[in-house]
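Below, chains carry the letters A, B, ... as their sequence lines are ordered, and counting in each starts from 1. The analysis underlying the following values was restricted to heavy atoms, covering all of them including side chains, and did not include hydrogens, waters or symmetry mates.
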2 protein chains.
Amino acid sequence: MSGDDRERAILAAAEAMLAQRTLDEISIDDLAGAAGISRPTFYFYFASKDAVLLQLLDRVIAEVDRRGAAVIPDTSAASPDFANAINVFVEVFAEHRGVTVATVAARLSSPAIQELWSISMQRWVDHVAEVIAAEQERGAAPRGIDPHHLSTVLNTMNEQVLSATFTRTVPFVPTDEVGAILHATWRRAIYGR
Amino acid sequence: MSGDDRERAILAAAEAMLAQRTLDEISIDDLAGAAGISRPTFYFYFASKDAVLLQLLDRVIAEVDRRGAAVIPDTSAASPDFANAINVFVEVFAEHRGVTVATVAARLSSPAIQELWSISMQRWVDHVAEVIAAEQERGAAPRGIDPHHLSTVLNTMNEQVLSATFTRTVPFVPTDEVGAILHATWRRAIYGR
DNA sequence: CACGCTATCAACGCTGTGTCGACTGAACCA
DNA sequence: TGGTTCAGTCGACACAGCGTTGATAGCGTG
């Protein structure tokens, strides 16, 4: 087994385990064992557990961006399609719920994860803010809330609502309705009154 | 110094430290030291760090409920006052931001904190859901989103937006505007279109 | 064939947690 | 007054998990 295979094995083991338990219920020994190596050898491939999660998160974010590029609401569109964009988020994060949930927890303790998540969030927030501003510009959406602030709270809402739904932390909204509920709330918050 | 004094000293030390650093940057040794006792003696008073946080959180929730009772929107009110209710949340949690931030982190690992937070959230969600339902009933708010689901996403949004604001985790909205922004978003989400 | 590079791990030291057993002193009887 | 109880205290231990060091083994390549 080559080095690349080992690295892949660690990542695969981590994602599989994260589907079952928290990151800090997983020891480096567990990961190493699942990849067929000893703990010190783990450090040859990754500097820490967080570094593994960081790489998993990086993939997930790349997938969101890739699948999102096709459907992300356009500033120039007459009536931007938020529903599809939100659906991409819901679907991709649901497919990787272990990584998603672990990220939400780990970003509070790991600066690296914090930063990666932060940068991605900012990109999404900025883009949505532009779309909202354009809608206000053309009179389709009312002014009254700063587009960037509104975009921030809506994106933050999505993040936490999805995390709660995935972990079934009451109160939460059902998985199969979460996309529709979020979208309806966005539409009202952006276009309402 | 009596036993009760020691217990109070531990709680006070914990809240003071939480204003500066994370719960898991605080060791039991730190808490014991600050309260003038040794680590084993700490266990005479609390079963764990989480138990200390649990008690601090309990107080904060009690304060929210006490100060909230006066202003919580009434189902029978002609036009419920969400602004004041949200302000109570913002103010009380801001006064105890250390405890608030630690709670958001610890509930992912501590079942006891999870449960206390969960139960309180559910109470707030249920109450707001009733108010929304009443508003829909009397025709002041449009139907289209289930009141309980809407209440869930709005309360979840508040929780996360406040946490992000307190930790200054970008993207976040400024502290002095967060109440107004949340309230404006609630109003649109409940009454909009 | 020797040099360097990848890959590996036994063994170590460290930090933090939680427990056990023994000790102290004050209050409360008998 | 002298024993008993009990809240309060801590030294010392065992343990889990992290991260590092240093030594080793194999493989390719000039």
Original post:
Given A:V125 and A:H148, is the side-chain contact (heavy atoms from CB on, under 4.5 Å) satisfied, shown in steps?
Top reply: CA-CA 7 Å; A:V125 165; A:H148 203 271; 3.9 Å; yes

**OP:** Would you mind reporting whether A:R143 and A:E137 have side-chain heavy atoms less than 4.5 Å apart?
**Re:** yes

Subject >> Atom-pair distance (CG on A:D30; C1' on D:dC18), nearest Å >> reply: 13 Å

Original post:
Side-chain contact, heavy-atom cut-off 4.5 Å: B:V101 with A:L108?
Top reply: no

**OP:** Just call it for B:S27: base, sugar-phosphate, or nothing, with non-hydrogen atoms closer than 4.0 Å on any strand.
**Re:** sugar-phosphate

Subject >> 5' precedence on DNA chain D between B:P40 and A:I26 (nearest-nucleotide basis) >> reply: B:P40

Original post:
How long is the line joining CD1 of A:I28 and P of D:dT20, in whole Å?
Top reply: 10 Å

**OP:** Verify side-chain contact (heavy atoms from CB on, under 4.5 Å) between B:T167 and B:F172, making sure each step is shown before the conclusion.
**Re:** CA-CA 9 Å; B:T167 55; B:F172 66 93; over 6 Å; no

**OP:** For B:D5 and D:dA7, give me the distance from atom CG to atom P, rounded to whole Å.
**Re:** 17 Å

Original post:
Between B:K49 and C:dT17, does any side-chain N or O lie under 4.0 Å from OP1 or OP2?
Top reply: yes

**OP:** Describe the nucleic acid contact of A:R6 in one word from base, sugar-phosphate, nothing, applying a heavy-atom distance below 4.0 Å.
**Re:** sugar-phosphate

**OP:** Check whether any side-chain nitrogen or oxygen of A:T41 sits under 4.0 Å from OP1 or OP2 of C:dC9, and answer yes or no.
**Re:** yes

Original post:
Can you tell me how far C1' of D:dC13 sits from OH of B:Y43, to the nearest Å?
Top reply: 14 Å

**OP:** Let me know, please, whether B:G36 or B:R39 comes out on the 5' side of the other along DNA chain D by nearest nucleotide.
**Re:** B:G36

Original post:
What integer distance in Å separates A:L23:CG from D:dC18:P?
Top reply: 9 Å

Subject >> Shortest side-chain distance from A:S38, nucleotide among C:dC9, C:dT6, D:dG8 >> reply: C:dC9

Subject >> ILVMFWY network linking B:V104 to A:W117, side-chain heavy atoms under 4.5 angstrom >> reply: no

**OP:** Looking only at side-chain atoms of B:I37, point me to the closest of D:dA7, D:dC10, C:dT8.
**Re:** D:dC10

Original post:
With a 4.0 Å cut-off on heavy atoms, is B:Y45 in touch with a base, just the backbone sugar-phosphate, or nothing at all?
Top reply: sugar-phosphate

**OP:** Give the rounded distance in Å between these two atoms: CD of A:E25 and P of D:dG17.
**Re:** 11 Å

Original post:
Could you state the CG-P distance from B:D29 to C:dT19, rounded to the nearest angstrom?
Top reply: 16 Å

Subject >> Nucleotide C:dC23, atom C1' - distance to CZ of B:F44 in whole Å >> reply: 14 Å

